[in-house]
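These notes are about the structure you will find just below.
Just so you know, these numbers come straight off a predicted model, no measurement behind them.
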Amino acid sequence: MAPVDSNGVGLYEPVTWHADTQTWSGATKEEYDAAHPADTVVVTPTADQQAQAQQMVAMANLTNQVAMLQKMVATLMVQNAEKEETKNV
């Protein structure tokens with residue numbers, strides 16, 4: 001039997017089974033939430049952290065562009081070699 005109250009609503013800790021009455025007892029969701037408030041801390045990055053994040057994004061973009069350019073150069077080198085090979089035949 002699942003730990004639910006007399007209305008069939010789930011219970012939260014602490015949950016106790018009462019064998020004599022064949023019922024569960026425990027905290028309701030509202031009681032549990034009141035006893036365990038969620039963290040409401042709002043974290044705002046500093047100006048330095050924001051600048052560092054922007055630099056990291058720029059570095060990632062530049063790294064991606066370098067990789068694409070390297071592939072393009074390799075393709076052009078192969079095409080140039082093939083062109084030279086057919087020219088010399």
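- Tested against Y32, the residues E30, H36, K29 include a single side-chain contact (heavy atoms from CB on, under 4.5 Å) partner, H36.
- A donor-acceptor pair under 3.5 Å is absent between the side-chain atoms of E82 and the main chain of Q79, judged by distance alone.
- From L76, atom CG reaches atom CE of M72 across 7.0 Å, with rounding to the nearest 0.5 Å.
- Scanning all heavy atoms of the two residues, the minimum distance from W24 to H18 falls at C-CD2, 4.2 Å.
- Shown here for Q50 and P45, the closest heavy-atom pair between the two residues is NE2-O, 3.6 Å.
- Q52 CD to Q49 CD: the interatomic distance, rounded to the nearest 0.5 Å, is 7.5 Å.
- The two atoms that bring P37 and A34 nearest to each other are CD-O, 3.9 Å, heavy atoms only.
- Rounded to the nearest 0.5 Å, atoms CG (N80) and OG1 (T75) are 12.5 Å apart.
- Here the side chains of K87 and E84 are in contact, with some heavy-atom distance below 4.5 Å.
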